[in-house]
Structures are given as C-alpha cells and as structure tokens.
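Everything below concerns the one structure shown next.
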Amino acid sequence: MVNTLELDAVVVGAGFYGIYMTHLLREGGYSVCLYEAGEEVGGTWYWNRYPGARCDTPSEFYSYTFSEELYKGWIWSSFYPEQSEILDYMKYVVDKLDLRRDIQFNSRVKSAEYDESINRWRIHLNESAILAKYYFPAIGGLSTIHTPNIKGLENFVGEKYHTSRWPHEKVDLKGKRIGVIGTGSSGVQSIIETANEAAHVTVFQRTAQYVLPVKNPLLTEKEIKEIKDNFSSLRKRVRAHPTGMPSFPILRNYSALDDTPEERNRFYEQLWEEANGFQFLFAYNDLMLNEKANNTLTEFLRKKIREIVNDPETADNLLPNYLIGGKRPVVAIDYFETYNRDNVSLVNLKKTPFIEGTERGLRTTEKEHELDIIIFASGFDVGIGPIRDANIRGRNGLLLNEKWENGANLKTFVGACNHGFPNMFLLGGCHYPLGVNVPPIAELMVKRIYDCLTYFKEKGVNVIEATTVAEESWTNLINEIGEMSFYSKVDSWFNGANIEGKPRTILGYAGDFLMYQEQISKAMDEYNGFTASSREIDM
Ligand code: NA7
C-alpha cells in the first residue's frame with residue numbers, strides 16, 4: 001500500500017544547498033520536507049569520511065553567512081576544517097534552525113515524475129510517494145561513485161572500500177597491506193593518513209598530481225575573535241574574491257613572466273615554505289590564464305618533487321606534466337615526503353597497468369601486489385551520474401538523463417532549470433561553478449531561486465519553466481567559457497575524461513566567482529528565461 005503525502009516542496013539531499021533551501025522554504029510558509037538517504041545531515045561530508053578527509057577551503061569561509069547569529073554561534077578549531085568538524089557544523093546548523101522536524105533521514109528518493117494533468121511532481125521513495133508543487137534535487141555533482149572496471153576484482157578476498165562510502169564503524173588499518181587506487185584529493189589525503197598505521201601502502205597512480213603544501217594550525221583565541229569581529233564585511237569579501245576564499249589574495253598583481261627567473265624562484269620557494277594551499281595559484285595574476293606563466297609554476301613544482309623524494313624513479317613517476325588548475329589541484333600536508341617512508345610504494349599505472357583482480361590482491365603487468373584492503377579513491381561520475389540515478393522524468397515522461405544524452409547534449413538554464421521540467425530546480429551539480437567555494441555559491445543560488453519562486457508566486461503563477469532559448473544561451477556561455485579555460489585542456493572529471501566512454505563535455509562553469517555573479521544576475525534579473533503560467537488544479 002503506497003501512501004501519498006502532499007507538500008508544497010520536496011528537497012532531496014542534506015548538504016549545503018538542501019539545508020538552506022529547506023530553511024528558506026520553511027520560513028516562506030511552504031510546506032516542505034527534505035529527504036536524505038543518509039542517517040544524518042552533511043551531504044558530501046556525511047559520505048566522505050575516509051581517514052584524513054579535510055576541506056581545502058579555510059574554515060572561516062566554509063560556512064553559511066546568511067545569518068550573523070548562526071555564523072557567530074559556531075567556533076572552528078583549525079584553519080582548515082576536518083571532515084568530522086564540518087559534519088558537526090552542519091548538525092549545529094540544522095539544530096539551530098530547528099530544521100530536523102522537516103528532514104526525513106534514511107530515505108532515498110528512487111524517482112520523480114512531473115504529472116502535467118495535475119501540475120505536481122510525484123516523488124517516489126521505497127514505501128511511499130509524495131506529491132509536490134516544487135521539486136528541488138540537491139543531490140550534488142560528486143555523489144555517484146566511480147570504481148575502475150578491473151577484471152576479476154570480485155575474486156579478491158580482502159576488504160574493499162570506496163572513499164565516498166567509507167563505513168561508519170572504524171576500519172582497522174593497523175598492520176594491513178593496503179592498496180589505494182587514485183591520487184585525487186581523496187587518494188592523497190587517505191594515503192598520508194593510512195601510511196601512519198598500515199604495514200604497507202601501495203599507491204596505484206594513473207595520473208601524477210600537483211600537490212600543494214599546506215599546514216593546518218589550530219586557530220588561536222585572538223584569530224577566532226578577529227573572525228567574528230569581521231563578520232560585517234565577510235559576505236562582501238567572499239563575493240569580491242575570484243574563488244570566494246578571501247584568504248588567498250593575488251600576491252603580485254602582474255604576470256609571472258615579468259619577474260626574473262631568479263626572483264620568481266625565490267618567491268615560489270617562499271610560498272612553498274609558507275605552505276598555504278591554494279595561495280600558490282594566486283602568486284601572480286595570470287597563473288590560471290596564461291600557459292607560459294602556468295609553466296613557470298609547474299616547472300617549480302616538479303623541481304620540488306625531485307628534491308623531496310629520495311628515490312629518483314619514484315620521483316620521476318610522481319612528476320605531473322600538464323597545466324596546473326586544468327585538473328583540480330590537490331593540497332596536503334607532506335604528501336611527497338610520504339614516499340620516503342619504507343612502508344609506501346608507488347605503482348605507475350601508465351607504465352604497468354592493471355591486468356586483473358586476484359584472490360590475494362591486484363595484478364599489474366609487472367607483478368601481483370598482495371593486499372589486505374583495497375581503497376578505491378577513484379572519484380565520481382560527476383554531474384551526469386547523479387542525474388541518471390535520480391530518475392527524473394519531466395513532461396511526457398522524458399528522462400532528464402535521456403534529454404542530456406548521458407552528457408553528450410548537456411543543457412541547463414543557470415544550472416538549475418530545464419525546459420520540459422517545470423517547477424524543478426537542480427541545486428548544485430552540472431553547470432554550477434567548478435573552482436569556487438561551495439557555501440557562498442549555495443547561498444547565492446538558493447536565494448536566487450527562492451526569490452524567483454516568490455516573484456512568480458506574487459504574480460499568481462504556479463507553472464515556471466525554462467525556455468529553450470534561455471537554456472541554449474546559458475549552455476553556450478558555459479561551453480564558451482569552458483573552452484577558453486584550462487578545464488578543456490587537461491583530462492579530468494571537469495570534462496568527463498576521468499571515466500572511460502563518458503562523453504566529453506564541460507560539466508561546470510569555468511569562470512571565476514565575480515564573473516559568475518554577473519552572469520547569473522544578467523540571466524535571472526528579469527526572469528525572461530522562464531515561461532510562466534497559471535493553472536489551478538484542485539487536488
Ligand atoms: P578525483 O579527483 O576524481 O580522483 C580520482 C582518482 O582516481 C584520480 O587520481 C584518477 O586518475 C583515479 N582513477 C579514476 N579511475 C581510475 C581507473 N580506472 N584506474 C586508475 N585510477 C583511476 O576524486 P576525489 O574523490 O579524489 O576528489 C573529488 C573531489 O573532491 C576533488 O576534486 C575535490 O573537489 C574534492 P586520473 O587523475 O583521472 O587519471
């Protein structure tokens with residue numbers, strides 16, 4: 001027996017987008033429920049609880065800023081927040097906003113379809129269905145996991161974990177032989193951490209990474225006070241920074257090519273010592289724009305790897321050779337130093353690829369690597385995977401993923417809206433900014449969408465739908481900016497190249513935060529990108 005509940009709005013996913021959307025809807029008098037597959041809030045930070053998981057955005061800016069009271073009521077302990085602390089922060093937020101009564105945990109939404117005859121979304125959970133006027137999937141871009149297709153993996157008798165499905169109970173790594181597949185942010189963080197406990201860590205690397213050094217000191221009382229005292233200017237500063245992280249100013253407001261090689265090298269050395277993560281990318285004003293300038297930094301970073309790693313062959317295998325920033329740069333504490341430990345070894349999959357999984361481990365063309373645990377830090381089917389899993393059907397039963405042709409024909413209006421899918425707003429995911437701090441984007445877009453609803457509601461409109469023209473125009477903009485950026489020049493999840501057979505397409509907005517705010521304003525200010533009509537249907 002399926003029960004059908006009726007609501008104004010359904011939100012899916014209790015991450016930064018979903019929580020804020022639910023809050024605004026509730027405050028605006030909508031009946032709303034947030035459905036979350038996990039047993040707690042946190043989104044990304046609920047699922048990615050692998051050893052060493054930490055955020056690369058300074059904690060001061062990895063927070064909601066829509067409420068001064070909310071902001072000031074939370075104290076971060078260190079400069080960069082660890083996964084468990086972000087999770088605690090998000091629990092704090094929902095408790096403070098008293099949102100738990102509108103959240104249903106352990107509830108995975110299986111599918112949703114728009115029923116035109118009643119102008120409602122019908123949203124299906126396991127045992128029940130909900131009818132809602134508005135549907136807000138806030139399911140994230142990086143939520144559908146990807147694991148490499150290695151023949152015979154099922155024969156492995158040891159334990160297997162994906163970093164994004166890490167068990168809640170403690171995994172005993174002590175004295176184990178661990179294989180880590182993948183050297184993105186999750187791989188790098190877990191390699192460093194597991195090496196402290198494991199008997200041996202074998203790293204299976206497909207592409208070498210630029211890993212920028214970082215430190216993570218505890219915040220002092222003075223710093224905490226300063227952060228709170230500066231709240232009044234916080235939103236402004238965040239929104240005036242190209243990545244929404246004002247801790248990283250452009251240090252030299254001229255080209256990297258304008259300094260002599262000696263001066264540049266001295267400056268890069270100083271930044272390496274300071275170890276402040278993404279700050280490196282803002283050393284000069286053209287590192288992310290000009291390939292030659294970019295090369296000065298990548299050359300320096302390769303030099304550092306050679307200096308740090310004792311074994312020349314390992315060092316050689318760790319050398320990345322592409323534009324930094326074209327792929328998501330990784331930041332970590334003492335990553336390259338980890339390869340000087342006796343219990344860490346590197347396998348370069350480009351030289352010795354996998355052949356198969358075996359009972360005892362993984363066989364490459366070189367040898368069988370015997371393992372007790374395999375950690376898949378192998379990333380996600382970004383953007384497209386979550387939409388495929390969400391089974392969203394618009395008008396005439398069209399599946400959104402089919403409309404997008406699995407990514408080959410990806411189209412959105414401002415990332416959130418699609419023609420043929422009235423009253424549905426995707427929060428986060430495809431066509432949202434790629435390299436910008438998430439909480440400020442979530443705040444910006446959720447508020448924009450909420451204002452859009454209010455605008456049309458006040459006009460008595462209850463069917464809002466993106467026009468095909470608006471969709472074309474936003475998609476063209478995404479593609480044009482993407483083509484100009486480094487994101488189209490380097491294989492990565494930014495463009496679908498991380499997964500064999502996935503269509504290559506620019507999956508997100510590649511411009512900076514300042515451009516994004518301008519473009520979003522232009523696209524949404526007059527609401528010309530929507531058709532609006534009014535259909536009253538008695539339920
Ligand atoms: P990423 O950044 O997508 O990293 C995944 C890693 O797994 C990366 O090194 C991949 O190599 C590697 N990978 C993927 N498929 C394979 C196969 N088939 N064989 C071997 N290695 C493979 O995911 P993360 O979870 O680390 O980080 C996701 C985001 O979280 C990150 O961008 C930050 O925003 C935080 P590749 O480089 O593609 O050759």
Side-chain angles (χ1 to χ4, degrees), residues 15-16 43-45 47-57 62 80-81 83 86 140-151 153 161-166 179-193 202-212 243 245 277-278 317-318 320-322 324-332 335 346-357 362 364-365 369 374-383 385-386 428-429 432-438 441 487 490-502 504 507-508:
F16 274 99
T44 286
W45 301 104
W47 296 103
N48 292 271
R49 53 179 71 221
Y50 57 84
R54 189 181 51 236
C55 182
D56 299 337
T57 301
Y62 203 71
Y80 292 97
Q83 173 267 339
I86 304 173
L142 281 72
S143 49
T144 299
I145 61 170
H146 162 67
T147 42
N149 188 8
I150 304 169
K151 184 183 74 171
L153 207 50
Y161 304 104
H162 192 286
T163 44
S164 189
R165 294 293 178 274
W166 199 262
V180 180
I181 304 178
T183 50
S185 300
S186 308
V188 164
Q189 290 179 337
S190 39
I191 289 160
I192 297 167
E193 200 65 22
T202 309
V203 178
F204 296 93
Q205 171 196 277
R206 185 166 72 178
T207 307
Q209 286 281 1
Y210 296 106
V211 181
L212 302 170
T243 64
M245 295 180 267
F278 290 144
N317 285 326
L318 285 166
N321 201 0
Y322 47 84
I324 186 168
K327 205 174 165 68
R328 166 66 151 75
V330 176
V331 307
Y335 175 62
L346 180 69
V347 175
N348 181 345
L349 293 172
K350 293 232 162 101
K351 290 183 182 162
T352 55
F354 289 127
I355 295 181
E356 59 183 354
L362 291 165
T364 63
T365 51
H369 298 268
I374 301 176
I375 298 178
F376 295 94
S378 43
F380 303 87
D381 181 350
V382 177
Y432 277 77
L434 290 168
V436 184
N437 186 17
V438 167
I441 302 229
Y487 294 132
V490 179
D491 284 354
S492 83
W493 63 253
F494 290 152
N495 51 38
N498 61 323
I499 295 184
E500 215 180 308
K502 184 169 175 173
R504 289 290 289 257
L507 285 163

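Counting starts at 1 for both ligands and their atoms, following the listed order.
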Report task. Starting from atom 4 (O) of ligand 1, locate the nearest protein heavy atom and write down its residue, its atom name and how far away it is, to 0.1 Å. Result -> G184 CA, 3.5 Å
Query raised in the report: Does K327 have a non-hydrogen atom less than 4.0 Å from ligand 1?
Result: yes
Requested in this report: Kindly confirm or rule out an N or O of H146 lying under 3.5 angstrom from an N or O of ligand 1.
Outcome: yes
Query raised in the report: Is L142 touching ligand 1 with its side chain, its backbone, both, or neither, if touching means heavy atoms under 4.0 Å apart?
Result: side chain
Query - Among T207, N498, N495, side chain to side chain contact (heavy atoms under 4.5 Å, CB included) partner for K327 - result: T207
Query raised in the report: Distance only, no hydrogens: is a donor on one side chain within 3.5 Å (strictly under) of an acceptor on the other, for N48 and S164?
Result: yes
Query - For atom 34 (O) of ligand 1, closest protein heavy-atom neighbour - result: R328 NE, 3.2 Å
Query - Partner of Y50 under side-chain hydrogen bond (donor to acceptor under 3.5 Å, both in side chains), chosen from Q189, H162, E193 - result: Q189
Report task. Would you indicate whether the side-chain heavy atoms of R328 and D56 approach each other to under 4.5 Å? Result -> yes
Requested in this report: Report the relative orientation of the aromatic rings in F354 and F204; use parallel for angles under 30°, tilted for 30 to 60°, perpendicular for over 60°.
Outcome: tilted
Query raised in the report: Quick one: does T183 get a heavy atom under 4.0 Å from ligand 1?
Result: yes
**Report entry** Minimum-distance protein heavy atom relative to atom 32 (O) of ligand 1
**Finding:** W493 NE1, 2.9 Å
Query - S378 (side chain) donor-acceptor with H146 (main chain) under 3.5 angstrom - result: yes
Query raised in the report: So, do V188 and V331 sit near enough that their side-chain heavy atoms are less than 4.5 Å apart?
Result: no
Query raised in the report: Nearest to atom 13 (N) of ligand 1 by heavy atom, Q189, Q209, R206: which?
Result: R206
Report summary line: shortest atom 18 (N) of ligand 1-to-protein heavy-atom contact is with P148 CB, 3.2 Å
Query raised in the report: How far is atom 26 (O) of ligand 1 from its nearest protein heavy atom, and which residue and atom is that?
Result: S186 N, 2.9 Å
**Report entry** Heavy atom of the protein closest to atom 31 (C) of ligand 1 (residue, atom name, distance)
**Finding:** S185 OG, 3.7 Å
**Report entry** Q205 contact mode with ligand 1 (heavy-atom cut-off under 4.0 Å)
**Finding:** neither
Query raised in the report: For T207 and ligand 1, does the shortest N/O to N/O distance drop below 3.5 Å?
Result: yes
Query raised in the report: Of all the heavy atoms in F380, does at least one lie under 4.0 Å from an atom in ligand 1?
Result: yes
Query raised in the report: Can you tell which of V203, T163, T147, I374 makes a side chain to side chain contact (heavy atoms under 4.5 Å, CB included) with I181?
Result: I374
Report summary line: Under 4.0 Å from one or more heavy atoms of G379, ligand 1 contributes atoms 3 (O), 5 (C), 23 (O)
Report task. Run the numbers on I191 and Q205 for side chain to side chain contact (heavy atoms under 4.5 Å, CB included), then give the verdict. Result -> CA-CA 11 Å; I191 289 160; Q205 171 196 277; over 6 Å; no
Query raised in the report: Which bit of N48 gets closer than 4.0 Å to ligand 1, counting heavy atoms only: side chain, backbone, both or neither?
Result: neither
Report task. Give yes or no for whether the N/O distance cutoff of 3.5 Å, strictly under, is met between A377 and ligand 1. Result -> yes
Query raised in the report: Would you call D491 and R206 a salt bridge, using N to O less than 4.0 angstrom?
Result: no
Query raised in the report: Mind checking whether V347 and L349 have side chains closer than 4.5 Å, heavy atoms only?
Result: yes
Query raised in the report: How close does the nearest protein non-hydrogen atom get to atom 20 (C) of ligand 1, and which residue and atom is it?
Result: L349 CD1, 3.6 Å
Query raised in the report: What is the closest protein heavy atom to atom 12 (C) of ligand 1, and at what distance does it sit?
Result: G182 CA, 3.7 Å
Query raised in the report: Under 4.0 Å from any heavy atom of I181, which atoms of ligand 1 are there?
Result: 20 (C), 21 (N)
Report task. List the steps and the verdict of ring-ring contact (aromatic ring centres under 6.0 Å, His included) for Y210 and Y322. Result -> CA-CA 9 Å; Y210 296 106; Y322 47 84; 5.0 Å; yes
